[in-house]
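Some notes on the structure that comes next.
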Amino acid sequence: FADYFVICSAQSSRQIKAIYDEIVHSLKREGVLLHHREGTVDSGWMLLDYGDVIIHIFAPTERDYYQLDELWSQASPVVRIQ
C-alpha cells in the first residue's frame, strides 16, 4: 500500500508542527500534494499520506507506544539518521 515509510521524532508539539509545516510546504512547492492526514500536533502523533510515501511524526512517548520501528524491523532501511 506504500513504497516507503518515514518515521521521525520530535521533542515537543512545536517541533511536530515545524516538521509537519516544512514537509507539506516543501512537497507542495514541488507539486506533490498531501492525500490524507491523521492525528494532530497536540496528540503527539501525525501521519501524512502521500500515496507511495507515508510519513509518521512522533513525540517520544507515542513513538515508544506504537513501536513502528519494531513492526517494520524486517524492512530494509534506505536511510537511518540518529
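Owing to the predicted nature of the structure, the values given are computational and were not obtained by experimental measurement.
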Compile the donor-acceptor pairs under 3.5 Å between side chains in residues 9-17 and protein atoms, sequence neighbours left out, one pair per line.
| unit_1 | atom_1 | unit_2 | atom_2 | d |
| --- | --- | --- | --- | --- |
| S9 | OG | R63 | NH1 | 2.7 |
| S12 | OG | R14 | N | 3.4 |
| S12 | OG | Q15 | N | 3.2 |
| Q15 | OE1 | Q11 | N | 2.5 |
| K17 | NZ | D21 | OD1 | 3.3 |
| K17 | NZ | D21 | OD2 | 2.8 |

Original post:
side chain to side chain contact (heavy atoms under 4.5 Å, CB included) between K28 and L33: does it pass, once the steps are laid out?
Top reply: CA-CA 5 Å; K28 187 175 184 179; L33 300 178; 4.0 Å; yes
Straight-line distance of [X] [atom1] to [Y] [atom2], nearest 0.5 Å:
X: I7; Y: D69; atom1: CD1; atom2: CG; answer: 5.0 Å
X: F58; Y: L47; atom1: CZ; atom2: CG; answer: 8.0 Å
X: I55; Y: I19; atom1: CD1; atom2: CD1; answer: 10.5 Å
X: Y20; Y: I57; atom1: OH; atom2: CD1; answer: 8.5 Å
X: F5; Y: W72; atom1: CZ; atom2: CH2; answer: 4.5 Å
X: H25; Y: E30; atom1: NE2; atom2: CD; answer: 10.0 Å

Subject >> Exercise: identify the closest heavy-atom pair between A2 and G51 >> reply: CB-O, 3.9 Å
Original post:
Which heavy atom of H35 sits nearest a heavy atom of Y50, and at what distance?
Top reply: CD2-C, 3.2 Å
Original post:
Who passes side chain to side chain contact (heavy atoms under 4.5 Å, CB included) against Y4, sequence neighbours left out?
Top reply: V53, V78
Subject >> For S26, all residues meeting side chain to side chain contact (heavy atoms under 4.5 Å, CB included), sequence neighbours excluded >> reply: E22, R29
**OP:** Would you mind listing every salt bridge (charged side-chain N to carboxylate O under 4.0 Å, His left out) that reaches into residues 36-49, with sequence neighbours excluded?
**Re:** none
